[in-house]
Number of protein chains: 2
Amino acid sequence: MPNKRPYIHVSGSQGSRFMLSQGVGYAAIALGHIAAAGGKPVLVKEIAEAASIPAPYLAKIVHMLAKRGLLATQRGVGGGVTLAKPATEISLYDLCEALDDVVVQPRCMLGTAECSDARACPAHKFWTAHRNKTLDFLRSTYVADIAAFEARRRWSKPADGPGATSLNILPS
Amino acid sequence: MPNKRPYIHVSGSQGSRFMLSQGVGYAAIALGHIAAAGGKPVLVKEIAEAASIPAPYLAKIVHMLAKRGLLATQRGVGGGVTLAKPATEISLYDLCEALDDVVVQPRCMLGTAECSDARACPAHKFWTAHRNKTLDFLRSTYVADIAAFEARRRWSKPADGPGATSLNILPS
DNA sequence: TGAATAGATGACAAACCGATCATATGGTAG
DNA sequence: CTACCATATGATCGGTTTGTCATCTATTCA
């Protein structure tokens, strides 16, 4: 339905620091779709069309997630993609790990190589605490939450106020 | 002196989401050095050697910051780089803006194009609050703070505990 | 004027991410 | 066995950031 692309399509790496990689974003939405299907295999093509994600690229992400044990794929007629474990047991953090997002690697905010509690950069104290909050969110947000959020939004009025934005997905 | 490089040198964009760009990190440390010189012009080469930053790359960053009005450069004998305004008036946020770091651009955590209060992605509420804290830190941390932090660390024992890590640079 | 100094500038390479295309491979159904 | 379907896989491309190199230009000083 939406011919306006719901993703920021950027050729090249283009940066985008301070957000998850595009791949993890795609994965999060895709797994939400798969979870919503309730165990029935879903085609990569279907997901790609529904979420306006480039299909060949999504196929590679799906393949990687299958290799890492988060998805199960089945070729041939009647095949498709299913979750390899319950939607309540796959967190955003798991997706970041599986897709090697840099957010899971401890990095200095300023890029210094030797940055630790013992030898801190000027931003170290802030960044350590801030990063922990990021990881807490990723570890406590599950594919099930994403599916529930998307399902709820589908019943709310689009572009609605509080109904569309108050969700249990939000810690603190 | 340090032949171990204090920066993570990565050829290529390599990602590094969830930190500032390498350029902003270099700029922050470089301006700390310049501020510490107390108004005397500092050579790009000196800064580069002291901080183990690639000199030609630093030269470009310095040039950009000069174009944006944060630094003043002077060629010829006795020349070098000085701050164009007081160290207490140049924030990390200013550096990010001048160097077009993506942190200053509002972006959805999951990369969706249409993400707003009205049409939120599952991470929107968390991310909005989290991002505001990031910006608060950047806006309230100044080149003067960096210079002071580096100066203090120089007097502390290297790799020391609380003395080296407790600093006024940390909000909350 | 000429030499030395120091930043300015442009060309270019490497690495990575996002994306696309074509083709191979593994399954199911008849 | 054959046709068809759906994922698997590899080649390739464009764009961005980071980094290197060579050269130009501006300034100072003798």
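In what follows, every chain begins at residue 1, and chains take the letters A, B, ... in the order their sequences are listed.
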Are there any protein N/O atoms within less than 3.5 Å of an N/O atom in nucleotides 26-29 of chain D, and if so, which ones and at what distance?
unit_1	atom_1	unit_2	atom_2	d
D:dA26	O4'	B:Arg75	NE	3.3
D:dA26	O4'	B:Arg75	NH2	2.9
D:dT27	O3'	B:Gln74	NE2	3.3

In whole angstroms, how far is the [atom2] atom of [N] from the [atom1] atom of [X]?
X        : N      : atom1 : atom2 : result
B:Met19  : D:dT17 : CE    : C1'   : 11 Å
B:Asp101 : D:dT16 : CG    : P     : 15 Å
B:Arg107 : D:dT16 : CZ    : C1'   : 12 Å
A:Leu20  : C:dC17 : CG    : P     : 14 Å

*Relative to the ring of B:His130, is the ring of A:His130 parallel (under 30°), tilted (30 to 60°) or perpendicular (over 60°)?*
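A:His130 vs B:His130 ring planes: parallel.
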
_Pairing residues for B:Ala48 by the side-chain contact (heavy atoms from CB on, under 4.5 Å) criterion, not counting sequence neighbours_ =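 Partners of B:Ala48 by the side-chain contact (heavy atoms from CB on, under 4.5 Å) criterion, ordered by chain and then number, come out as B:Ala55, B:Leu58.
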
Taking every non-hydrogen atom, the tightest pair across [X] and [Y]:
X        : Y        : value
B:Lys133 : A:Phe126 : O-CZ, 3.8 Å
A:Tyr7   : A:Gln22  : CD2-NE2, 3.6 Å
A:Thr88  : A:Ala144 : CG2-CB, 3.8 Å
A:Cys108 : A:Cys121 : SG-SG, 3.5 Å
B:Gly79  : B:Leu43  : O-CD2, 3.5 Å
B:Gly32  : B:Ala147 : O-CB, 3.6 Å

_DNA chain C: 5'-proximal contact among A:Gln22 and B:Ala66 (nearest heavy atom)_ =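 By nearest-heavy-atom nucleotide position, the 5'-most residue is B:Ala66.
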
*Which ones in residues 32-48 of chain B lie close to DNA chain D, meaning a heavy atom under 4.0 Å from one of its atoms?*
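Heavy-atom contacts with DNA chain D come from no residue of residues 32-48 of chain B; none.
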
*Please list, by residue number, the residues of residues 56-64 of chain A whose heavy atoms come closer than 4.0 Å to an atom of DNA chain D; answer none if no residue qualifies.*
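Close to the strand are A:Lys60, A:His63.
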
*By salt bridge (charged side-chain N to carboxylate O under 4.0 Å, His left out) - contacts of A:Arg131 (at least two apart)*: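 Testing A:Arg131 for salt bridge (charged side-chain N to carboxylate O under 4.0 Å, His left out), a comparison that skips the adjacent residues, returns none.
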
*A:Tyr26 vs C:dA19: side-chain N/O to OP1/OP2 distance below 4.0 Å*: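 Yes, within the criterion.
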
_Looking at D:dA8, I'd like to know if its phosphate oxygens (OP1 or OP2) sit under 4.0 Å from a side-chain N or O belonging to A:Thr73._
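Checking A:Thr73 against D:dA8: at least one side-chain N or O falls below 4.0 Å of OP1 or OP2.
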
*asked:* Can you tell me which nucleotide in D:dG19, C:dG7, C:dG18 comes closest to the side chain of B:Pro54?
replied: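 Of all the options, the side chain of B:Pro54 is nearest to D:dG19.
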
*Among all residues two or more places apart in sequence or in another chain, which pass the side chain to side chain donor-acceptor pair (under 3.5 Å) test with A:Thr82?*
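With neighbours one apart ignored, the set is empty.
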
*asked:* Taking B:Ser21's backbone N and O only, do any of them form a donor-acceptor pair with B:Asp101's side chain (distance below 3.5 Å, no angle check)?
replied: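 Checked: pair present.
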
